[in-house]
Amino acid sequence: MKIETFHDLIDWTRQLHAQLAECFRHCATRQEEARAKSLLEYLADHEAVLEHTVASFEKQADPKALNTWVYDYLSHAPIKPHQACNLPYAEMGFEDISREVFSLHDQVIALYRYLEGRGDIPEARDLVRELLKLEEHEAMRLSQQINRARDL
């Protein structure tokens with residue numbers, strides 16, 4: 001997907017979460033380790049909720065912000081959604097899945113941190129800041145849930 005505007009960026013993020021949800025759900029059906037299977041099922045649900053939350057940004061954001069060009073994006077090169085499911089989550093253990101998930105989320109957060117403040121207009125900067133807060137909060141929540149699952 002070619003990202004030129006903040007609308008494209010939001011759509012890219014939404015698609016990433018949608019793909020991860022689908023991938024985790026699919027891999028959970030093939031996972032033999034009970035803890036890893038439960039983790040994949042949880043992650044699938046978590047990513048599906050994130051997909052819908054990010055989609056709401058597309059509907060509620062200021063049109064000026066959505067149509068602002070994202071020049072700096074071209075030099076950042078974030079992960080691509082179609083690469084995410086090439087990893088064999090069905091064959092990975094609980095800890096490996098956890099590491100991969102945090103790596104993916106860290107890359108999204110790094111992209112938004114990179115773009116924070118680079119919007120040409122205040123509405124675009126505010127939009128990126130809100131998306132960054134969402135991603136950081138969800139990564140923290142995910143971390144807490146995974147740590148609880150580890151303790152069980």
Side-chain angles (χ1 to χ4, degrees), residues 1-31 35-63 65-68 70 72-73 76-90 92-119 123-152:
M1 171 179 196
K2 188 173 183 178
I3 298 178
E4 296 178 340
T5 65
F6 281 96
H7 182 270
D8 297 335
L9 180 67
I10 293 170
D11 195 46
W12 171 84
T13 306
R14 183 193 57 74
Q15 287 180 32
L16 174 66
H17 291 302
Q19 168 135 26
L20 288 172
E22 182 181 319
C23 181
F24 293 145
R25 197 167 317 290
H26 179 265
C27 289
T29 63
R30 297 179 177 187
Q31 178 59 257
R35 274 182 19 149
K37 179 178 180 130
S38 294
L39 176 61
L40 287 169
E41 290 169 347
Y42 170 77
L43 290 171
D45 293 341
H46 182 88
E47 294 296 333
V49 169
L50 265 173
E51 174 196 1
H52 294 293
T53 304
V54 171
S56 71
F57 276 87
E58 289 177 299
K59 296 173 186 162
Q60 298 171 3
D62 186 314
L66 291 174
N67 294 320
T68 299
V70 184
D72 287 331
Y73 174 85
H76 191 271
I79 57 173
K80 296 179 182 173
H82 72 282
Q83 292 176 338
C85 205
N86 290 340
L87 298 172
Y89 295 113
M92 296 170 86
F94 183 93
E95 295 301 328
D96 292 331
I97 294 168
S98 298
R99 271 192 296 281
E100 289 295 328
V101 167
F102 287 123
S103 174
L104 292 169
H105 282 270
D106 287 347
Q107 290 178 60
V108 173
I109 289 169
L111 171 63
Y112 283 126
R113 280 187 183 146
Y114 175 78
L115 293 174
E116 187 180 25
R118 285 183 168 79
E123 294 87 354
R125 288 189 295 273
D126 292 344
L127 177 61
V128 171
R129 198 168 293 119
E130 289 302 312
L131 286 163
L132 174 60
K133 280 197 254 182
L134 170 69
E135 292 291 340
E136 288 174 333
H137 178 267
E138 290 303 316
M140 181 181 66
R141 196 166 71 95
L142 188 59
S143 175
Q144 291 170 344
Q145 292 299 330
I146 288 175
N147 285 334
R148 284 187 191 136
R150 254 187 212 112
D151 293 341
L152 295 177

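For the single chain, residues carry numbers from 1 onward in sequence order. Both backbone and side-chain heavy atoms feed into the values below; hydrogens, waters and symmetry mates do not.
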(Q) Going by side-chain contact (heavy atoms from CB on, under 4.5 Å), name the residues that satisfy it together with Arg125, two or more places apart in sequence or in a different chain. (A)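 side-chain contact (heavy atoms from CB on, under 4.5 Å) check on Arg125 returns Pro122, Arg129.
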
Q) With sequence neighbours excluded, what pairs up with Asp45 under the side-chain contact (heavy atoms from CB on, under 4.5 Å) test? A) Arg25

Q. Would His105 and Glu136 satisfy side-chain contact (heavy atoms from CB on, under 4.5 Å), going step by step from the backbone distance to the final call?
A. CA-CA 9 Å; His105 282 270; Glu136 288 174 333; over 6 Å; no

Q) Crowded around Arg150 CZ? As in, over 12 foreign heavy atoms under 6.0 Å? A) yes

Q: Answer yes or no: are there more than 12 heavy-atom neighbours, outside Glu22 itself, under 6.0 Å from its atom CD?
A: no

Please round to the nearest 0.5 Å and tell me the distance separating atom [atom1] of [X] and atom [atom2] of [Y].
X: Leu127; Y: His7; atom1: CG; atom2: NE2; answer: 10.5 Å
X: Leu43; Y: Ser98; atom1: CG; atom2: OG; answer: 7.5 Å
X: Tyr112; Y: Leu131; atom1: OH; atom2: CG; answer: 4.5 Å

Q. Side-chain contact, heavy-atom cut-off 4.5 Å: Glu130 with Asp126?
A. no

Q. Taking 4.0 angstrom as the limit, do Glu116 and Arg113 come out as a salt bridge?
A. no

**Q.** Ion pair check, Arg99 and Asp96, cut-off under 4.0 Å
**A.**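 Looking at Asp96 together with Arg99, the answer is yes, because their closest N to O distance falls below 4.0 Å.
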
Q | Stepwise side-chain contact (heavy atoms from CB on, under 4.5 Å) check, Val54 with Glu135 | A | CA-CA 9 Å; Val54 171; Glu135 292 291 340; 4.2 Å; yes

Between [X] (side chain) and [Y] (backbone), is there a donor-acceptor pair under 3.5 Å?
X: Asp8; Y: Thr5; value: yes
X: Ser143; Y: Ala139; value: no
X: Gln31; Y: Met92; value: yes
X: Ser38; Y: Arg35; value: no

Q. Closest approach of Leu50 and Glu138, non-hydrogen atoms and distance?
A.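 For Leu50 versus Glu138, the nearest heavy atoms are CD2-CG, 3.4 Å.
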
Q.
Before you tell me yes or no, could you show the steps for Ile97 and Leu40 under side-chain contact (heavy atoms from CB on, under 4.5 Å), namely the whole-Å CA-CA distance, both residues' side-chain angles and the distance that decides it to 0.1 Å?
A. CA-CA 8 Å; Ile97 294 168; Leu40 287 169; 3.9 Å; yes

Q: In sequence, state the C-alpha distance, the side-chain angles, and the governing distance for Phe57 and Leu134, and then conclude on side-chain contact (heavy atoms from CB on, under 4.5 Å).
A: CA-CA 10 Å; Phe57 276 87; Leu134 170 69; 3.7 Å; yes

